[in-house]
2 protein chains.
Amino acid sequence: MSTVVAAKHSDAASLVSNTIGEITRHIRTHELGPGDRLPSEAALSRQLSVSRTVVREAFSSLAAMRLIDLRAGRRATVAELDYGAMSLVIEHGVHTEQITVQQIYDVRRTIETRTAMLAALRRTADEVEGIRAHALAMRENFQRPEQVMEHDLAFHLEIAKAAKNPVFSLIVGAFERVSRQTWPIGWRSRPSDAEQLEMIQIHIELAEAIETGDPQSARDLMARHFDESVKALLAAGIA
Amino acid sequence: MSTVVAAKHSDAASLVSNTIGEITRHIRTHELGPGDRLPSEAALSRQLSVSRTVVREAFSSLAAMRLIDLRAGRRATVAELDYGAMSLVIEHGVHTEQITVQQIYDVRRTIETRTAMLAALRRTADEVEGIRAHALAMRENFQRPEQVMEHDLAFHLEIAKAAKNPVFSLIVGAFERVSRQTWPIGWRSRPSDAEQLEMIQIHIELAEAIETGDPQSARDLMARHFDESVKALLAAGIA
DNA sequence: CGGAAAAAGCTGCCATACAGGTTTTTCTTC
DNA sequence: GAAGAAAAACCTGTATGGCAGCTTTTTCCG
């Protein structure tokens, strides 16, 4: 039974792994939240009877997964939810050819048709403002692809945020790094101004649907957006 | 504009971060795939003009995100896609009360109604066998909750696999650690044998729908499964 | 009492050392 | 010459000690 996507059963009795476990356990048992400070490396070193080297590697690993924040001279603190690590995992999957760009679009479509719908139901006035601002900024800067891309990414993240479920934000964010690399391909496959503006127009209408509070339209527009994007990528010869 | 879920703009000019970047760049530019070997710590240390300590912490971080595999005495190798790190991130979010269990169920419902549908369309004979075996094993072992849970988890992962999109597997797997902790709560909230068997029955029917190749039924059954699960959790007083 | 300066504490990084696992090379024997 | 065993070379895991530079706490002066 080859599992393709697996999780190592890490009994991994290495000191570092155990130390990571102890630290996360510490967070859990002490009910620490974002911003709360962890013991110093030296303290943990004594407490767990391992060298500071081991504690440092454990901290470093936790920081890589963005579970804690590290800053020189300061104590480590519990981190806020952050999609940085997940974004690296996805990017790694694409670069090692274990994930295709099209598979990512399939997942994004599934997720984001839902966030669009929820956003239309739950958005606050502020969020509507942000979403619309990004959509309009895409149109205004449409001769500067860099800018368009940044606003596009922010647009999708803002919708996820308006859906009021941080897990959706996490997942949408997880695709950010890859999107930065594939976005220009999609853009170039829409060579005329008309085609580019048409793509941007969908974003604007989507912003309006969310503003109006029309979940069905929001959903449909997001679906259309992804259908068009996939079409564009296929036209550009992306497998 | 408070972002709630963020990604640190890691210009993070720390040596370790830079080294992590260099290593992932090495993987990318040399087009390394799973199993391929990376340079030794000493070699990278010389090549990048940093101490072995720094290289080690970078390796350790990459291993934490499951981008590479480390084993004593052996060279580091590029890892296969693995949801271990993502699962820790989600678990962290729940323990620090940045994510609620119900929010996870919302996302799982969105994702897994899709995987069920796709599985019905794309499954192989082997996968059907695996999926059904897990569903039946749930019924057979239904007096041993531990066993039921394990087969339940494997059931959902196998469906994701049958959907033939590793990103779905990654996401479904990302909820594994949390599920292991919340599953018993849902189970206990179905106190009678009849209720427990009813829940298991949905799994069996779902397996059948996937076997038959009926995407609509598969989808509906998965949706019902999650609706029931949420109801059970709410009954148990989970916010 | 307020604020500046000194002290203490902490992290980032480095060099070195050695135990124990793994790979490669060498040597022996058939 | 080939197969297999022994040795050498290489590699990672962990520990220790040290120092620069940043932060927090304490102390002391006005």
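By convention in this document, chain letters (A, B, ...) are assigned in the order of the sequence lines, proteins followed by strands, and residues within each chain are numbered from 1.
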Could I get the full list of side chain to side chain contact (heavy atoms under 4.5 Å, CB included) partners for [X], not counting sequence neighbours?
X      : value
A/E129 : A/R132
B/T96  : A/I27, A/P34, A/V78, B/H92, B/Q98
A/A163 : A/T115, A/L118
A/I104 : A/I90, A/V94, A/I99, A/R108, A/F175, A/V178, B/V167

Touch class at under 4.0 angstrom, heavy-atom based, for B/R75 against every strand present: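 Result for B/R75 = sugar-phosphate.
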Donor-acceptor under 3.5 Å (A/N18 side chain, A/L15 main chain):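 Not confirmed, A/N18 side chain does not pair with A/L15 backbone.
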Flag, side chain of A/R177 to backbone of A/L88, donor-acceptor distance under 3.5 Å: no
Sequence neighbours excluded - ring-ring contact (aromatic ring centres under 6.0 Å, His included) pairs with any residue from residues 18-49 of chain A: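 Non-adjacent pairs meeting ring-ring contact (aromatic ring centres under 6.0 Å, His included): A/H26-A/H30.
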Sub-4.0 Å heavy-atom contacts from residues 31-42 of chain A onto DNA chain C, ordered by number: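 Nucleic-acid contacts, sorted: A/S40, A/E41.
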What's the [atom1]-[atom2] distance between [X] and [N], to the nearest Å?
X     : N      : atom1 : atom2 : answer
A/R74 : D/dT23 : CZ    : C1'   : 7 Å
A/L70 : D/dG21 : CG    : C1'   : 16 Å
A/R71 : D/dC22 : CZ    : P     : 12 Å
A/L44 : D/dA15 : CG    : P     : 14 Å

Polar atoms only, N or O, under 3.5 Å: list the protein pairs with nucleotides 18-20 of chain D and their distances.
{"unit_1": "D/dG18", "atom_1": "O6", "unit_2": "A/R52", "atom_2": "NH2", "d": "3.4"}

Closest-nucleotide 5' rank along DNA chain D - winner of A/A72 and B/R56: B/R56
Given DNA chain D, 5'-ward residue of the pair B/G73 and A/G73, judged by closest heavy atom: B/G73
Summary of side chain to side chain donor-acceptor pair (under 3.5 Å) pairs that have at least one residue in residues 41-53 of chain A, sequence neighbours excluded: A/E41-A/R52, A/E41-A/R56
Residues in salt bridge (Lys or Arg N to Asp or Glu O under 4.0 Å) contact with A/R25, at least two apart in sequence or another chain: A/E22
First and last nucleotide of DNA chain C, 5' to 3', lying under 4.0 Å from heavy atoms of chain A: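 Both ends considered, the range comes out as C/dG9 to C/dC13.
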Review item, side-chain donor-acceptor pairs of residues 135-147 of chain B, under 3.5 Å, at least two apart:
{"unit_1": "B/N141", "atom_1": "OD1", "unit_2": "B/R144", "atom_2": "NH2", "d": "3.4"}
{"unit_1": "B/N141", "atom_1": "ND2", "unit_2": "B/A137", "atom_2": "O", "d": "2.8"}

Partner residues of A/H156 under the ring pair (Phe, Tyr, Trp, His ring centres under 6.0 Å) criterion, sequence neighbours left out: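 Here the qualifying residues are A/H203, A/H225.
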